[in-house]
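Index from 1, following the sequence.
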Amino acid sequence: LGVAALLLVILTGWVTLLDRRIDAGQIGWCLYLLALSAWEEWLFRLAIPWLMEGEGFEVRSAVLISNVLFGLMHYFTL
């Protein structure tokens, strides 16, 4: 999350240096994508494995299933 925020700041500075304008819609879109990425990381790296472990799955199995779900979601949506 910190790297993404740093990248946003660097790219915003670069665009400003090139004398291009950044409107509120572009900044809003970048912040939306940043928040979505943070939510995905939380969901697939923490929440799903934790819930599956509570249902009796082994930790490795829960993590593997969560990673497969994450990969399938991105395969079919991107």
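- How far CG of Leu31 is from CG of Leu8: 6.0 Å, rounded to the nearest 0.5 Å.
- Under the rule for a ring pair (Phe, Tyr, Trp, His ring centres under 6.0 Å), the partners of Tyr32 that lie at least two apart in sequence or sit in another chain are Trp29.
- Scanning for side-chain contact (heavy atoms from CB on, under 4.5 Å) contacts around Ile10 gives Leu6, with sequence neighbours left out.
- The backbone N or O of Ala62 lies less than 3.5 Å from no partner atom in the side chain of Ser66, so there is not a single donor-acceptor pair.
- Taking hydrophobic clusters as Ile, Leu, Val, Met, Phe, Trp and Tyr residues chained together by side-chain heavy-atom distances below 4.5 Å, Met52 shares a cluster with Leu46.
- By the rule that hydrophobic residues join a cluster once side-chain heavy atoms approach within less than 4.5 Å of another member, Leu69 and Trp39 end up as members of one cluster.
- Residues Met73 and Leu33 are members of one and the same hydrophobic cluster, defined by side-chain heavy-atom contacts under 4.5 angstrom among Ile, Leu, Val, Met, Phe, Trp and Tyr.
- Residue pairs meeting the ring-ring contact (aromatic ring centres under 6.0 Å, His included) criterion with at least one member in residues 2-23, sequence neighbours excluded, do not occur.
- Applying the salt bridge (Lys or Arg N to Asp or Glu O under 4.0 Å) test to pairs two or more places apart or on separate chains, those with a residue in residues 44-57 are Glu41-Arg45.
- Applying the ring-ring contact (aromatic ring centres under 6.0 Å, His included) definition to pairs two or more places apart or across chains, those involving residues 43-68 are Phe44-Phe70.
- Here Leu11 sits in one hydrophobic cluster together with Leu7; the rule is ILVMFWY side chains under 4.5 Å apart, joined directly or through other members.
- Cluster annotation: Leu36 is connected to Leu43 through the hydrophobic network of ILVMFWY side chains, with a link wherever side-chain heavy atoms come within less than 4.5 Å.
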